[in-house]
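Note that the structure is predicted; figures quoted are calculated from it, not measured.
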Amino acid sequence: MSGVGLAVMLILLLKGMWAGIQQQATVYTDRSGADVYVMQPGVRDLTAGVGTLPLAVLDRVRADPGVVWAAPVRTAYMILTLHGHKVAVYVVEAEPGQRGGAWSIAEGRAPAADDEITAGALLARRHGIHLGDRLDVAGRSLRVVGLSRTTGFTFDYVFLTHNALGKLTGAATTSFVLAHTSDPSGVLARLRSAGLNALPRSQVAAANLTQATDIFGSPIRLMVGIGFAAGTLIIALTTYTAVIERRREYGIVKALGGAQGRLLRLALAHTLTLAGLGLLAGRLFFLAGRAIIQAVRPQFSVLATPGTLALAAAAIVAMALMAAIIPARQLATLEPSAAYRRAS
């Protein structure tokens, strides 16, 4: 039972981690409040890093009669050195008081001046960062004024003002422009007719999710398949062993006229019982494993969604049905005389 439970735990943990990756891949589009994204030509997601979209595009977007508000956002991937450790961060620069910047503030506030920064709470906890500390970002010393609960699967978010790093390059550019509207289709049509690469929020979120799938999807699916195969083999071998150990009893049932179907139902009931106990054990192992993962690596979000639990239940039933083939074949070829041979 414990072996089956461990296999179920592996499936639940991997699927839960995959659900967490998917959630984190779209966390920005889910929380920005924008319905339309105006991006660099040819860009479809938010993983492009530093953008070269002219800031003049912002005025064109704001001039559209269907746009309620529009805000520029500049992003970049950077490596910070914190206490001798190299840490990958995703820098998000937004205009103070406008959308697109820090959200879910745990302590302090969002940056309001160009020498301020809001760091991720998990990043701060891991590296002993506190409000009022100074961080070196791209050669600039920035004061920590807030801590955000926002985090990514492979990186931490840090938030600055839109001009914080733009002053270093002197470039009047941004990465993309956010826009909120009650008429997304009309705004998209007008902006596209003006030659801008305007995309609906759903398309940008789907592109972000595709990027995550391309990177993490195949390894996770492979490991889920391994867990499924391991659970099936464990159930099959356990049930097969039970049939071998009780070969004499099954032989007596068959010698007394027991129907073949009855014996097969006994084998199936045994596998299903083992699978059910394994599912319960796997659920307990999953809760313990998730607690350990989130204690050691809190940036890894492991979600127990109804879909994940339903998938695990379906997987355990499939394991039991496939595993029942081996003992069923053994019982199908069992001769009633086996009872007497076993006794001799």
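- Between Thr118 and Leu147 the shortest side-chain heavy-atom distance does not fall below 4.5 Å.
- Side chains of Asp114 and Thr161: a donor on one and an acceptor on the other come within 3.5 Å.
- Put simply, the side chain of Arg190 reaches to within 4.5 Å of the side chain of Asp183, judged on heavy atoms.
- Using a 4.5 Å heavy-atom threshold, the side chains of Val38 and Val57 count as touching.
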Could you walk me through whether Asp136 and Leu80 pass the side chain to side chain contact (heavy atoms under 4.5 Å, CB included) test, one step at a time? CA-CA 7 Å; Asp136 182 78; Leu80 304 184; over 6 Å; no
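- Thr173 places none of its side-chain heavy atoms less than 4.5 Å from the side chain of Leu55.
- The side-chain hydrogen bond (donor to acceptor under 3.5 Å, both in side chains) test with Thr174 is passed by exactly one of Arg74, Glu93, His162: His162.
- Residue Leu160 is grouped with residue Leu131 when hydrophobic side chains (ILVMFWY) are merged at heavy-atom distances under 4.5 angstrom, including chains of intermediate members.
- With sequence neighbours left out, the salt bridge (Lys or Arg N to Asp or Glu O under 4.0 Å) criterion links Arg201 to Asp30.
- For the side chain to side chain contact (heavy atoms under 4.5 Å, CB included) with Thr181, the qualifying choice from Asp64, Leu188, Val61, Val36 is Val36, the only one to do so.
- Note: Thr81 OG1 to Leu135 CG = 11.0 Å, rounded to the nearest 0.5 Å.
- Two different hydrophobic clusters hold Leu280 and Leu284 under the rule that ILVMFWY side chains link at heavy-atom gaps under 4.5 Å.
- With sequence neighbours excluded, the residues forming a side-chain contact (heavy atoms from CB on, under 4.5 Å) with Ser104 are Arg31, Arg149, Thr150, listed by chain and number.
- To the nearest 0.5 Å, the span separating CG on Asp45 from CG on Leu199 amounts to 9.5 Å.
- Looking at heavy atoms from C-beta onward, Leu178 lies in side-chain contact with Trp69 at the 4.5 angstrom threshold.
- Under a hydrophobic clustering in which Ile, Leu, Val, Met, Phe, Trp and Tyr are joined whenever their side-chain heavy atoms come within less than 4.5 Å, directly or via other members, Leu209 and Val27 fall into different clusters.
- Using modelled atom types, one finds no donor on one side chain facing an acceptor on the other under 3.5 Å when comparing Asn197 with Arg192.
- Listed here is the closest heavy atom pair of Arg99 and Ala94: O-CB, 4.2 Å.
- Residues Ser32 and Tyr37 have side chains that bring a donor and an acceptor to within less than 3.5 angstrom of each other.
- Between Tyr157 and Tyr28, the angle of the ring planes stays under 30°, which puts this pair in the parallel group of the 30/60° scheme.
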Please evaluate residues Trp103 and Ser148 with respect to the criterion side chain to side chain contact (heavy atoms under 4.5 Å, CB included), reporting the C-alpha separation (whole Å), side-chain torsions for both, the decisive distance (0.1 Å), and the verdict. CA-CA 7 Å; Trp103 70 89; Ser148 169; 5.6 Å; no
For Asp156 and Arg126, what are the C-alpha separation, side-chain angles and deciding distance, and is it a salt bridge (Lys or Arg N to Asp or Glu O under 4.0 Å)? CA-CA 11 Å; Asp156 291 281; Arg126 289 198 303 268; 2.6 Å; yes
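- Taking CG from Leu13 and CZ from Arg290, the interatomic distance works out to 9.0 Å, rounded to the nearest 0.5 Å.
- When all heavy atoms are compared, the tightest approach of Pro72 to Glu95 is CG-CG, 3.7 Å.
- The only member of Val92, Thr75, Thr29, Val73 that meets side chain to side chain contact (heavy atoms under 4.5 Å, CB included) when paired with Leu46 is Thr29.
- With a 4.5 Å cut-off on side-chain heavy atoms, Met39 and Arg44 do not count as touching.
- Under the 3.5 Å distance criterion, with hydrogens and angles disregarded, a donor-acceptor pair is assigned to the side chains of Arg134 and Ser141.
- With hydrophobic clusters built from ILVMFWY side chains whose heavy atoms lie under 4.5 angstrom apart, Leu123 does not share a cluster with Ile105.
- Ring planes of His85 and His127: tilted class, angle from 30 to 60°.
- Every residue meeting the side-chain contact (heavy atoms from CB on, under 4.5 Å) condition with Glu116, not counting sequence neighbours, appears here in chain and number order: Arg109, Pro111, Ala112, Ala113, Arg143, Val145.
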